[in-house]
Amino acid sequence: MDKLQFQKDLIGWFSEEKRDLPWRRTADPYQIWISEIMLQQTRVDTVIPYYKRFIEKFPTLNDLAAADEEVLLKQWEGLGYYSRARNLQAGVREVAENYGGIVPNSRKEISALKGVGPYTAGAVLSIAYGIPEHAVDGNVMRVLSRILLIEEDIAKPKTRKIFEEAVTEIISHEDPSSFNQGLMELGALICTPTSPKCLLCPVREHCAAFHEGKQQDLPIKTKAKKTKAMQYAMLAIRSGETVLVEKRPESGLLANMWQFPMVELTEEILPVEIEEQLSESFRGTVSNAEKITSFKHVFSHLTWNVDGYIANGENLIVPPHMKWVTAEELELLPISGPVQKMKTVLKQRGDV
DNA sequence: AAAACGTGGGG
DNA sequence: TCCCCAAGTTT
């Protein structure tokens, strides 16, 4: 293909048609970094309000470095993949301590930061610093699989390398930022997963798949297997004006997020035995358990089927990862989707 | 290499 | 309802 003409057509289209997004109004490497982390596996429309609030709350790298993790997670609440937030803060703190607050501008250094993988490294380097580094995400693999007629399975980890080498070969050294963003913008607006808008495509003359009518057959991507289901009882245990909450472990699913105490429902633990089970584990009395809701929550790799209960707690000895909170204190704790569902029911009923 | 890791929108 | 997806990284 005509590399220079491709660059010109892509960048020309991008400069005319690019969306006006909040992170495109800044040149601050820190703020661009924030946007790239938030955009991982997450839609632009979802990210926009989070990004705006986040930048208001933590305008500079040092603001985020100094933030309390619980406050940070509260800002991230609802965005998902919460380890992104904690890794981001760890990375920001590394920059504050080891680089004088200046985001490093080499792939080797920036890739060593927590939460910064090959895509994010290239994105920040090219967009914030104008360095011609590849930034290969799902969009780029889809777009280039069509343009270059690459039939490798993009679901395979090793395939990404092929696309990184392709980008390295064709990237504009004059405007690497617009080139990389142009590929992604093209994937988002024109070269979409289903029914690509080839007649509106600024680079269709360069597209091998379009010439062969194969754009609908690319990219090749094997599909994931289905998720497994778990059953839980979620309990809002009340005492006076407070309710019992627990902090999840510092690793794994929903790490460090708060929730109402949960019990996995197995064959052995039937719902009727929950009061007894809890009373014993707390060495106190959990009574009057009443099921008030039932819902399903689907994660990326598993499903929770939750029965929500209210109950009374008396003389409970609670472990260190639990605490009693008022309604006001509850509002400050970062909680996940399923806990949010329970909390909404409780508020509707006037229980909290 | 494969699985873990959230959420909400759209076909 | 179900499935796929959306600017990936970590283990």
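Just so we're on the same page: letters track the sequence lines, and every chain starts at 1.
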Review point. When rounded to the nearest Å, what value does the distance between P atoms of C/dT1 and B/dG6 take?
Key: 24 Å
Practice item. Sticking with atom P, work out how far B/dC5 lies from C/dA6, rounded to a whole angstrom. Key: 23 Å
Side-chain heavy atoms under 4.5 Å apart, restricted to Ile/Leu/Val/Met/Phe/Trp/Tyr: what other residues fall into the cluster of [X], or is it alone?
{"X": "A/L199", "result": "none"}
{"X": "A/L149", "result": "A/L218, A/I220"}
{"X": "A/L244", "result": "A/L235, A/I237, A/V263, A/L265, A/I269, A/I274, A/L278, A/F282, A/V286, A/Y309, A/L316, A/V318, A/M322, A/W324"}

Practice item. Using a 4.0 Å heavy-atom cut-off, write out nucleotides 4-11 of chain B from 5' to 3' as B (base contacted by protein), S (sugar-phosphate only) or - (no contact). Key: SBBBBB--
Review point. Base, sugar-phosphate alone, or nothing: which one does A/R160 contact when heavy atoms must sit under 4.0 Å apart?
Key: nothing
Exercise for review: Could you tell me whether the phosphate oxygens of C/dC5, OP1 or OP2, come under 4.0 Å of any side-chain nitrogen or oxygen in A/K221?
Suggested key: yes
Which pairs count as side chain to side chain donor-acceptor pair (under 3.5 Å) when at least one residue sits in [range], sequence neighbours excluded?
{"range": "residues 140-160 of chain A", "value": "A/N139-A/R142, A/D153-A/T222, A/R160-A/E164"}
{"range": "residues 39-49 of chain A", "value": "A/Q40-A/T120, A/T42-A/R84"}
{"range": "residues 193-205 of chain A", "value": "none"}
{"range": "residues 254-264 of chain A", "value": "A/E69-A/N256, A/E70-A/W258, A/E246-A/Q259, A/R248-A/Q259"}

Check your understanding: Near DNA chain C, under 4.0 Å by heavy atom, which residues of residues 109-137 of chain A?
Key -> A/K114, A/G115, A/V116, A/G117, A/P118, A/Y119, A/T120, A/D137
Exercise for review: Please list residues of residues 13-38 of chain A whose heavy atoms come under 4.0 Å from any atom in DNA chain C, ordered by number; otherwise none.
Suggested key: A/R19, A/L21, A/W23, A/R24, A/E36
Practice item. Nearest whole angstrom, please: distance from the C1' of B/dA1 to the CD1 of A/I154. Key: 17 Å
Review point. Say you draw a straight line from CE of A/M1 to SG of A/C207; how long is it, rounded to the nearest 0.5 Å?
Key: 8.5 Å
Check your understanding: Residues two or more places apart in sequence or in another chain: which of them pass side-chain hydrogen bond (donor to acceptor under 3.5 Å, both in side chains) with A/N62?
Key -> none
**Study point:** Main-chain N/O of A/A65 paired to A/R93 side chain as donor or acceptor, under 3.5 Å
**Key:** yes
Exercise for review: Applying ring pair (Phe, Tyr, Trp, His ring centres under 6.0 Å), name anything that partners A/F58, two or more places apart in sequence or on another chain.
Suggested key: A/F54
